[in-house]
Structure formats: structure tokens, C-alpha cells
2 protein chains.
Amino acid sequence: MQRMTRQRSAVTELLADVEDFRSAQQLHELLRGQGNGIGLATVYRTLQSLADGGEVDVLRTGDGEALYRRCERREHHHHLVCRRCGATVEIDGPTVETWAAQVGAAHGFTEIEHTIELTGTCARCAAEGP
Amino acid sequence: MQRMTRQRSAVTELLADVEDFRSAQQLHELLRGQGNGIGLATVYRTLQSLADGGEVDVLRTGDGEALYRRCERREHHHHLVCRRCGATVEIDGPTVETWAAQVGAAHGFTEIEHTIELTGTCARCAAEGP
DNA sequence: CCAGCGTTTGACAACGGTTATCACGACTCC
DNA sequence: GGAGTCGTGATAACCGTTGTCAAACGCTGG
């Protein structure tokens with residue numbers, strides 16, 4: 001049975017405020033910074049259980065680090081992420097969904113899943129220059 | 001300057017034989033097993049340099065492990081991978097390329113890159129049952 | 001309100017994949 | 001053949017993440 005603790009609500013509230021994908025360690029630091037004492041292990045556990053429940057989305061960075069974000073929509077969708085500032089736009093692409101299913105079926109594969117993530121530089125970051 | 005050593009050619013030859021995505025550690029074991037003494041660090045280094053040169057493709061598994069594979073085509077493409085046996089089909093999708101570029105541009109993002117990977121169960125594995 | 005009990009927490013250790021270190025060996029060019 | 005360069009490999013360090021376990025906590029029924 002799931003219990004509501006101070007730590008758990010601190011994490012969910014923080015996620016509600018933060019727009020972009022953040023690592024577990026960043027979230028831990030933020031919580032510490034705002035006076036909410038919390039253990040790192042607890043942050044990981046909480047994020048994991050939220051992810052399992054589909055409450056947050058998980059993204060793997062190029063070097064294997066996991067990033068978390070609370071998304072607007074709970075249904076299946078993808079992301080367009082700024083490589084500079086992490087700003088994120090939620091995307092849904094009926095086009096690619098059907099494309100993925102067709103390609104899989106064409107090669108005799110079943111139970112197709114797909115990972116689609118777009119990365120770019122957002123307008124604001126592009127304006128700032130290097 | 002790149003030098004051709006016994007270890008380097010052992011890795012590239014092994015990659016030429018192996019069809020599916022393998023982890024650095026698996027490749028290391030294979031090399032050891034076939035009598036080719038080689039250090040783990042060297043395997044990592046070699047794979048990294050091959051990946052930098054676009055000679056092999058790198059795939060990140062769900063838990064952050066890196067998998068390597070020597071692909072037929074050097075141009076940009078994607079993969080359909082069997083989640084059971086690792087069998088891989090190379091895919092190119094003009095559809096998704098243009099879709100990705102359009103979606104990015106529509107949100108003011110520039111220098112769009114995309115990650116698209118399909119996972120499924122191949123016909124052979126599906127036939128075997130659980 | 002309180003006691004009891006199962007859950008959650010958190011400091012810390014352990015883990016697993018990857019990368020850095022550095023002494024040694026191999027190769028190259030003169 | 002000697003000097004300088006580059007590659008190797010055992011080992012240690014790294015870093016994100018997960019396991020451990022006693023203590024603290026939240027809930028529930030009395």
C-alpha cells in the first residue's frame with residue numbers, strides 16, 4: 001500500500017514546478033537547497049515508483065544518465081528537447097506511430113515498441129550564441 | 001595517427017562476423033575465448049574510436065549499457081532490434097526524417113537530431129514461445 | 001488519543017559499466 | 001640502433017544507481 005510521506009510529496013511538488021528534464025541528483029540538490037532534507041536513495045526510489053506508475057517520463061541521456069520530467073499528458077508521446085537548456089516540447093506523431101508499426105510488421109516483428117526523441121537548439125538558446 | 005595493431009584488427013574482424021548488437025564486455029569475452037588476449041580497456045578504446053569514425057553504431061540499452069554493431073550502410077539509418085535475441089534489421093525512413101525536421105522547425109528549434117529505435121520480438125523468437 | 005505494526009527513510013556500502021592512470025612494450029623515422 | 005611516439009593492459013578511480021538495515025514514521029483499529 002502506498003503511503004504519503006513528507007518526502008514523497010516534496011518530490012512530486014518539485015516536479016510540478018520544474019518544466020524541464022532533470023536528473024535524480026539535480027532534483028536531490030534542489031530539494032536540499034530549499035531546506036527539504038531528503039536522502040538521495042529516497043529520491044531515486046520515489047522517481048522510480050512514479051515512473052512505474054506512468055506519472056513521470058524518463059529519458060536516457062547520451063551517457064546513460066536518467067532524466068525525469070512530469071509531463072502534461074499521460075498518454076503516449078515523444079519529446080523535443082533543447083540540447084542547451086533542456087526546454088522540452090511534448091510531441092505526438094500519429095505519422096510515426098503507424099510508420100513504426102508498419103516497419104516492424106513488414107519484417108515479421110511483433111510487439112513493436114519505439115523510442116523517438118528529438119534534440120535541437122531552441123530559439124532562445126540559438127539567439128544567445130555560443 | 002591511427003596505427004593498425006593486432007588488437008585493433010581482432011576487434012574489427014570480430015565485429016565483421018557478429019551480426020547483432022553486443023556490449024563491450026561481451027566482445028571482450030568473445031575475444032578472450034577465441035584465444036585473442038586483449039585488455040578490456042583496449043576493447044573500450046577501440047570501440048570508441050570506431051564509433052567516432054562512424055565505423056560502428058552505438059545503441060544504449062534501457063539501463064544505460066552501450067551496445068556496438070558494425071552496420072552494412074555507413075549512411076544515417078535506424079534499427080529494428082529483437083528484444084530477445086538481438087537480431088537487427090537496418091531501417092531507413094525518409095518519412096520520419098522529414099517528419100522530425102518539420103516538427104523541430106515548427107517549434108523554432110534548429111540543428112535537429114533524432115533518435116529512433118524500434119524494438120520488437122522477431123518471428124523466430126516469437127515461434128519459440130516463452 | 002494511543003499502541004502496534006508494517007512501510008519508508010537515509011546513511012552508507014556495494015555494484016556495474018565505463019574511463020583515467022601510468023609503466024611498459026612496440027613501432028617508426030632518422 | 002637510438003630517440004621519440006603511440007598503443008597496451010592491469011589496476012584504480014569514477015559515477016550513477018541500487019541494496020542494506022536499523023531507526024523513524026504514518027496509518028489503523030481499539
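Letters A, B, ... mirror the listed sequences (proteins, then strands); counts begin at 1. Please read all numbers here as calculations on a predicted model, not as lab measurements.
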Distance test, side-chain N/O of [X] to OP1/OP2 of [N], below 4.0 Å:
{"X": "Arg6(A)", "N": "dG10(C)", "result": "yes"}
{"X": "Gln2(A)", "N": "dT7(C)", "result": "no"}
{"X": "Thr5(B)", "N": "dA26(C)", "result": "no"}

Working note: Glu55(B) + Arg74(B), criterion salt bridge (charged side-chain N to carboxylate O under 4.0 Å, His left out); need CA distance, chi angles, decisive distance, verdict.
CA-CA 7 Å; Glu55(B) 308 256 348; Arg74(B) 304 239 348 206; 3.8 Å; yes
Would you call the rings of Phe21(B) and His79(B) parallel, tilted or perpendicular if under 30° counts as parallel and over 60° as perpendicular?
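Perpendicular: the ring planes of Phe21(B) and His79(B) meet at over 60°.
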Single-linkage hydrophobic cluster, 4.5 Å side-chain cutoff, Val18(B) and Val43(B) together:
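Yes, because Val18(B) and Val43(B) connect within a single hydrophobic cluster, where side-chain heavy atoms sit under 4.5 Å apart.
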Would you check if there is a donor-acceptor pair between the side chains of [Y] and [X] at a distance under 3.5 Å?
{"X": "Thr121(B)", "Y": "Glu111(A)", "answer": "yes"}
{"X": "His107(A)", "Y": "Gln102(A)", "answer": "no"}
{"X": "His76(A)", "Y": "His114(A)", "answer": "yes"}
{"X": "Thr115(B)", "Y": "Arg60(B)", "answer": "no"}

In whole angstrom, what separates [X]'s [atom1] from [N]'s [atom2]?
{"X": "Arg3(A)", "N": "dC27(D)", "atom1": "CZ", "atom2": "C1'", "value": "6 Å"}
{"X": "Glu65(B)", "N": "dT17(D)", "atom1": "CD", "atom2": "P", "value": "15 Å"}
{"X": "Arg8(A)", "N": "dT8(C)", "atom1": "CZ", "atom2": "C1'", "value": "10 Å"}
{"X": "Leu59(A)", "N": "dG16(D)", "atom1": "CG", "atom2": "P", "value": "16 Å"}

Verify the neighbour count for atom CZ of Arg70(A): are there more than 12 heavy atoms of other residues, nucleotides or ligands below 6.0 Å?
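It does not: Arg70(A) CZ has 12 such atoms or fewer within range.
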For Glu90(B), does the CD atom have more than 12 heavy-atom neighbours from other residues, nucleotides or ligands under 6.0 Å away?
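More than 12 within 6.0 Å, yes.
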Interface with DNA chain D, restricted to residues 32-56 of chain B and to heavy atoms under 4.0 Å
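Per residue number, the list reads Arg32(B), Gly37(B), Ile38(B), Gly39(B), Ala41(B), Thr42(B), Arg45(B).
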Within residues 11-28 of chain A: residues closer than 4.0 Å to DNA chain D (heavy atoms)
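Correct list: Gln25(A).
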Select one nucleotide: of dT9(C), dT8(D), dT18(C), the one nearest the side-chain heavy atoms of Gln7(B).
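Of dT9(C), dT8(D), dT18(C), dT8(D) is nearest to the side chain of Gln7(B).
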